[in-house]
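Structure, as structure tokens:
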Protein chains: 2
Amino acid sequence: MRDQADTDASVGAWTKRCYLAGRALMDATLRHYDLGSTQWYVLWHLAHNGASVQRDLGRALELERATLSGIISTLVRKDLVEQTSSGEDQRQRLLTLTGAGEALWRKLPDLSFIHETAFGGIDEAELATTVRVLQSATERLQTLLRKV
Amino acid sequence: MRDQADTDASVGAWTKRCYLAGRALMDATLRHYDLGSTQWYVLWHLAHNGASVQRDLGRALELERATLSGIISTLVRKDLVEQTSSGEDQRQRLLTLTGAGEALWRKLPDLSFIHETAFGGIDEAELATTVRVLQSATERLQTLLRKV
DNA sequence: CAAATATTGTATGGTAGCAAACGAAATGGA
DNA sequence: TCCATTTCGTTTGCTACCATACAATATTTG
């Protein structure tokens with residue numbers, strides 16, 4: 001018998017559900033192409049905006065340096081992305097799609113509707129409020145903890 | 001100079017932002033106690049509901065078997081949770097807080113407001129719709145991909 | 001200019017999550 | 001009863017995320 005994944009354990013409350021459900025959907029689709037969802041975002045950005053310095057890509061996709069660094073290294077290992085030094089600033093790395101990367105991108109089904117469903121439809125005002133509440137709560141707690 | 005974490009890289013779109021922001025807040029607070037946010041949820045459940053079979057805990061917190069298994073093993077390693085065999089079903093493991101686990105729980109600040117802010121206030125109808133859309137999209141894509 | 005500081009990317013180690021495969025135990029049907 | 005199936009927990013291997021620390025390079029300041 002096939003030992004398939006549990007279906008009784010979906011994910012927690014709604015932000016978690018929407019976030020992880022969207023990721024799960026993308027992952028399920030991208031598994032056929034041996035790609036992760038964040039890897040897809042990187043290819044997406046490079047395919048639409050052309051070569052990019054790693055720093056800028058990180059800001060655009062709102063990923064931590066360290067996180068992006070890992071993602072990029074696996075994409076380089078898969079020969080989908082190339083990392084060259086950008087002439088100007090010797091610290092920066094310029095990212096470009098390789099031929100294989102462009103070929104794969106053209107083969108991929110259009111996932112932007114997933115992106116929209118899972119991550120779109122944002123109520124920016126509500127988001128801003130939530131984030132502000134969380135931030136001030138963090139600060140209060142941090143202050144309290146420092147005193148202990 | 002202190003090499004602190006980037007602050008320019010918050011997280012992506014709003015589900016991601018809310019989900020990860022909530023986790024980040026809990027993690028920042030719990031770091032002082034060497035606890036992760038999901039570990040906190042486990043202690044929380046055990047402290048409020050008493051001993052629990054691992055299967056039931058998994059369903060209550062909506063965690064995958066494999067995910068929970070890992071979490072439990074680190075909590076056992078930290079001697080906060082005990083895993084005994086539940087008399088009836090020899091496959092099941094009964095989880096209880098150890099003395100150290102209860103002591104730690106009593107020391108922890110109340111994080112339920114974070115839980116509420118980050119994960120509460122769910123519009124269940126909207127959630128259900130979103131999840132349904134995502135699921136049918138998954139199925140459509142899976143079918144398409146199987147045919148290729 | 002030299003020294004202090006900031007920025008960029010990398011590496012390490014941790015948490016959290018999922019899929020797949022496995023053993024052990026329970027259950028259901030022929 | 002016996003065999004197939006299901007359930008429960010674990011393990012392995014992967015993605016993704018963060019914090020921390022570090023080297024290398026830029027930039028700012030004295």
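Naming convention: chains lettered A, B, ... in sequence-line order (proteins, then strands); numbering from 1 in each chain. The basis for the numbers below is simple: all heavy atoms, side chains too, and nothing from hydrogens, waters or symmetry mates.
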> For the pair made of CG in B:Leu61 and P in C:dC18, what is the distance, rounded to whole Å?
Replying inline: 13 Å
> Within a strict 4.5 Å, meaning less than it, do heavy atoms of the B:Leu95 and B:Ile72 side chains meet?
Replying inline: yes
>> Between C1' on C:dA19 and CZ on A:Arg31, what's the gap in Å once rounded to a whole number?
In response: 6 Å
> Between D:dC18 atom P and A:Glu62 atom CD, what is the distance in whole Å?
Replying inline: 11 Å
>> When you measure only distances, ignoring hydrogens and angles, does the side chain of B:Arg93 come within 3.5 Å of the base of D:dG9 through a donor and an acceptor?
In response: no
> Given atom CG of A:Asp89 and atom P of C:dG9, what is their separation to the nearest angstrom?
Replying inline: 8 Å
> Does a side-chain heavy-atom distance below 4.5 Å link A:Leu108 with A:Thr29?
Replying inline: no
> Does a side-chain N or O from B:Thr38 land closer than 4.0 Å to OP1 or OP2 of C:dA16, or not?
Replying inline: yes
>> Are A:Leu30 and A:Trp44 connected into the same hydrophobic cluster when the rule is that any two of I, L, V, M, F, W, Y join if their side-chain heavy atoms are below 4.5 Å apart?
In response: yes
>> Can you measure B:Leu30 atom CG to C:dT15 atom P for me and round it to whole angstrom units?
In response: 12 Å
> Considering only D:dT15, C:dA11, D:dT10, which nucleotide approaches the side chain of B:Gln83 most closely?
Replying inline: D:dT10
> Does A:Gln90 or A:Ile71 map to a spot on DNA chain D nearer the 5' end, using the closest nucleotide for each?
Replying inline: A:Ile71
> Roughly how many Å is it from CH2 in A:Trp40 to P in D:dC14, rounded to a whole number?
Replying inline: 24 Å
>> Without decimals, in angstroms, what is the distance between B:Glu88 CD and C:dA24 C1'?
In response: 18 Å
> Under 3.5 Å, is there an N or O donor on one side and an acceptor on the other linking the side chain of A:Arg55 and the base of C:dT8?
Replying inline: no
>> Given the structure, check if the side chain of B:Arg65 and the base of D:dG9 hold any donor-acceptor pair shorter than 3.5 Å.
In response: yes
> Quick one: A:Asp34 CG to D:dA16 P, roughly how many Å, whole number?
Replying inline: 11 Å
> Side chains of A:Ser85 and A:Gln92: does their closest heavy-atom pair fall under 4.5 Å?
Replying inline: no
>> Using 30° and 60° as the class boundaries, would you call the ring planes of B:Trp105 and B:Trp40 parallel, tilted or perpendicular?
In response: tilted
>> What's the closest nucleotide to the side chain of B:Glu64 if the choices are C:dC18, C:dA16, D:dT7?
In response: C:dC18
> Nearest to the side chain of B:Gln92, which nucleotide is it out of C:dT8, D:dA16, D:dG9?
Replying inline: D:dG9
> Think A:Ser69 has a side-chain N or O under 4.0 angstrom from the OP1 or OP2 of C:dT10?
Replying inline: yes
> Which nucleotide in the list C:dT7, D:dG9, C:dA16 gets nearest to the side chain of A:Arg91?
Replying inline: C:dT7
>> Go nucleotide by nucleotide along DNA chain D from the 5' end; which of A:Thr67 and B:Gln54 gets its closest nucleotide reached first?
In response: B:Gln54
> For D:dA16, does either OP1 or OP2 sit under 4.0 Å from a side-chain N or O belonging to A:Ser37?
Replying inline: yes
>> Taking the side chain as everything from C-beta on, heavy atoms only, tell me whether A:Leu68 gets closer than 4.5 Å to A:Thr38.
In response: no
> Side chains of B:Leu75 and B:Leu35: does their closest heavy-atom pair fall under 4.5 Å?
Replying inline: yes
Can you pull every protein N or O that's under 3.5 Å from an N or O on nucleotides 1-3 of chain D?
none

> Does B:Gln39 place a side-chain N or O at less than 4.0 Å from the phosphate oxygens OP1/OP2 of C:dA16?
Replying inline: yes
> Would A:Val76 and A:Val53 show up in the same hydrophobic cluster when neighbours are defined by side-chain heavy atoms closer than 4.5 Å?
Replying inline: no
